[in-house]
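The structure under discussion appears below in the form of structure tokens.
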Protein chains: 2
Amino acid sequence: MAGLDKVAAFRALSERGKALLNQGVTTHRFKGGNVIIDKGQDVSGAYFVLEGRLRVFTYTPAGREATLYLIEPGETCILALNSLFNRLLYPAWVQTEKATTVAVVPGPVYRGLFESEPSVQGLTVEALSTLVFRLMAELEQVHSHRLDQRLASFLLVHAQEGGTLQRTQQEIAGHIGTTREMVARLLGRMAKQGWIETSRGAVRIVKRTALAAIIKS
Amino acid sequence: MAGLDKVAAFRALSERGKALLNQGVTTHRFKGGNVIIDKGQDVSGAYFVLEGRLRVFTYTPAGREATLYLIEPGETCILALNSLFNRLLYPAWVQTEKATTVAVVPGPVYRGLFESEPSVQGLTVEALSTLVFRLMAELEQVHSHRLDQRLASFLLVHAQEGGTLQRTQQEIAGHIGTTREMVARLLGRMAKQGWIETSRGAVRIVKRTALAAIIKS
DNA sequence: TGAGATATGTAGCTTAGGATACAGAGGGCA
DNA sequence: TGCCCTCTGTATCCTAAGCTACATATCTCA
């Protein structure tokens with residue numbers, strides 16, 4: 001099952017469904033930092049992340065990037081699903097944030113599974129609706145928050161257990177849709193206040209409550 | 001069928017499916033300008049717009065509004081669908097833009113239809129994926145365009161056939177998430193150039209190509 | 001080990017956008 | 001018909017955010 005047994009919906013397949021899946025699924029491994037789907041590309045299957053992380057993002061006319069959402073292991077690249085069902089061209093770029101392994105289920109196979117397997121129907125609706133909520137939350141964020149609030153939110157949400165976020169300032173800027181200089185400026189202010197510490201390629205949160213307070217102000 | 005025969009997916013139901021639908025569907029008519037779903041509300045069914053228009057929007061902490069998307073006749077209020085499947089509380093407000101008639105399919109009925117009727121499965125996935133694309137387009141707009149570009153886009157997209165948009169400047173501001181004064185300022189500039197004409201409660205597009213050029217600049 | 005590439009930090013300047021305030025026009029209703 | 005409410009238009013001021021430029025530090029690799 002090419003690693004898809006990690007996904008509960010696929011474990012719940014009938015024997016016939018498992019046979020159908022196994023017949024067409026392939027696995028691909030990509031290095032980090034690579035764009036694996038370009039906007040406008042005619043996508044040919046459902047992508048499930050087995051390990052690593054995918055980043056779905058868009059470019060502004062000014063050339064700046066903004067992350068729309070991230071895809072963690074066990075999750076699927078929903079836009080590929082959409083392209084399956086609606087024959088729409090891909091509306092964003094997809095990049096590997098780090099070395100990433102993806103299982104790809106070909107469109108006809110996925111469609112066949114969807115028609116006959118309740119667990120795949122549930123998986124599809126759940127994945128789509130979760131994405132709708134995420135996008136709405138992101139849209140609300142962009143509309144209603146100042147840049148320093150969005151940066152603080154990004155740090156809190158994406159830092160590891162120990163409080164460190166391993167990303168360059170350029171990468172952070174690419175996520176929240178601003179310039180590297182603005183990220184440096186805002187991080188500088190936070191560092192000056194003792195709330196964080198910066199180093200090359202990383203930000204360490206020292207006072208989470210202070211960052212949370214920025215968001216609420 | 002309470003008007004739902006306008007929706008192709010419901011016309012395609014089996015006799016058993018039609019019986020199930022008719023057993024639970026209700027119709028509601030609302031005046032224009034009313035909030036019919038509040039954020040956080042525990043929504044109890046799938047809402048289909050028969051006539052009128054619904055507006056799904058969010059508030060900023062500053063009290064400003066921003067429209068997430070509109071729902072036209074024949075379309076469904078997807079967030080209600082999401083709340084059905086995932087028991088999530090509603091993440092936005094829903095308001096009638098004008099007098100609106102809505103058919104409401106209770107959650108258990110919709111779930112039953114989804115499980116047994118391929119056309120409802122298709123309708124659900126199509127509605128969700130269409131919304132995902134809309135939200136991504138909106139997110140891309142907000143990230144990458146100046147306010148005058150978003151206003152021009154809004155005018156072009158929402159004007160009637162004859163080129164007139166029947167909305168107050170306050171309403172327009174509420175859609176694109178800015179202040180009435182900014183909308184007045186930007187419309188004033190466009191009017192000065194002869195591209196549009198403003199009057200109370202309406203904007204008439206005089207030169208569509210000029211507005212399109214703003215978006216591309 | 002050092003060159004070169006990448007990342008960080010900072011400065012100066014400009015413009016977009018928002019806040020606040022207020023005046024006047026238009027329309028509805030008693 | 002006139003009052004009052006709603007809507008439009010404009011002015012002034014301020015700050016956030018972006019652009020451009022450049023210096024310095026850190027890391028990789030030959």
Side-chain angles (χ1 to χ4, degrees), chain A residues 31-33 59-66 141-155 164-204 214-215 217, chain B residues 31-33 59-66 141-155 164-204 214-215 217:
Chain A
K31 291 173 186 169
Y59 280 105
T60 75
R64 196 175 313 129
E65 302 177 10
Q141 260 248 22
V142 172
H143 265 300
S144 57
H145 289 88
R146 299 190 313 269
L147 198 57
D148 63 346
Q149 292 171 319
R150 289 170 52 222
L151 175 59
S153 178
F154 185 85
L155 297 179
T164 300
L165 178 71
Q166 303 273 6
R167 279 186 177 85
T168 68
Q169 292 173 8
Q170 183 64 57
E171 286 170 342
I172 294 173
H175 277 297
I176 67 182
T178 184
T179 61
R180 181 196 64 76
E181 290 80 6
M182 276 307 300
V183 172
R185 189 182 299 176
L186 295 171
L187 289 182
R189 287 186 205 153
M190 295 173 181
K192 200 167 185 172
Q193 298 271 14
W195 302 337
I196 61 166
E197 284 166 3
T198 64
S199 56
R200 186 187 167 96
V203 179
R204 189 171 82 81
I214 295 177
I215 298 166
S217 68
Chain B
K31 292 173 186 170
Y59 281 106
T60 73
R64 196 176 310 131
E65 301 176 11
Q141 261 249 20
V142 173
H143 264 300
S144 58
H145 289 88
R146 298 191 314 268
L147 198 57
D148 63 345
Q149 292 171 319
R150 288 170 52 220
L151 175 60
S153 178
F154 185 86
L155 297 180
T164 298
L165 178 70
Q166 302 274 4
R167 279 188 176 83
T168 69
Q169 292 173 6
Q170 183 63 59
E171 287 169 341
I172 294 172
H175 278 297
I176 67 181
T178 184
T179 61
R180 181 195 63 77
E181 290 79 8
M182 276 307 301
V183 171
R185 189 184 301 177
L186 295 171
L187 289 181
R189 287 186 203 152
M190 294 172 181
K192 200 166 186 175
Q193 299 272 12
W195 302 337
I196 63 165
E197 285 166 4
T198 64
S199 57
R200 186 182 168 100
V203 179
R204 189 172 82 82
I214 296 177
I215 298 166
S217 67

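Please read these numbers as outputs of a predicted model, since none were measured by experiment. So that the names make sense, note that chain A is the first sequence line, chain B the second, and so on, each numbered from 1.
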Just how far, in rounded Å, is [atom2] of [N] from [atom1] of [X]?
{"X": "A/Glu171", "N": "C/dT6", "atom1": "CD", "atom2": "P", "value": "13 Å"}
{"X": "B/Gln169", "N": "C/dA25", "atom1": "CD", "atom2": "C1'", "value": "13 Å"}
{"X": "B/Ile176", "N": "C/dA16", "atom1": "CD1", "atom2": "P", "value": "15 Å"}
{"X": "B/Ile172", "N": "D/dT6", "atom1": "CD1", "atom2": "P", "value": "19 Å"}

Distance from [X] atom [atom1] to [Y] atom [atom2], nearest 0.5 Å?
{"X": "A/Thr179", "Y": "A/Gln169", "atom1": "OG1", "atom2": "CD", "answer": "10.5 Å"}
{"X": "B/Leu186", "Y": "B/Leu155", "atom1": "CG", "atom2": "CG", "answer": "10.0 Å"}
{"X": "A/Glu65", "Y": "A/Glu171", "atom1": "CD", "atom2": "CD", "answer": "9.5 Å"}

Protein heavy-atom contacts under 4.0 Å, written 5' to 3' over nucleotides 12-24 of chain D as B (base), S (sugar-phosphate only) or - (none), form the string B----BBBBB---

Non-hydrogen atoms of B/Ile215 and B/His145 that approach each other most closely
O-CD2, 4.2 Å

Proximity to DNA chain D (any heavy atom under 4.0 Å), residues of residues 192-201 of chain B only:
B/Thr198, B/Ser199, B/Arg200, B/Gly201

Determine, stepwise, if the pair A/Val142 / A/Arg150 fulfils side chain to side chain contact (heavy atoms under 4.5 Å, CB included).
CA-CA 8 Å; A/Val142 172; A/Arg150 289 170 52 222; 4.1 Å; yes

Distance check: side-chain N/O of B/Gln170 vs OP1/OP2 of D/dT6, anything under 4.0 Å?
no

Is there any side-chain hydrogen bond (donor to acceptor under 3.5 Å, both in side chains) pair reaching into residues 180-202 of chain A, and which pairs are they, with sequence neighbours excluded?
A/Glu197-A/Arg204

Could you go step by step and tell me if B/Thr178 and B/Leu151 meet the side chain to side chain contact (heavy atoms under 4.5 Å, CB included) rule?
CA-CA 10 Å; B/Thr178 184; B/Leu151 175 60; over 6 Å; no

Apply side chain to side chain contact (heavy atoms under 4.5 Å, CB included) to the pair A/Met190 and A/Ile214, showing each step before the final yes or no.
CA-CA 10 Å; A/Met190 295 173 181; A/Ile214 295 177; 3.9 Å; yes

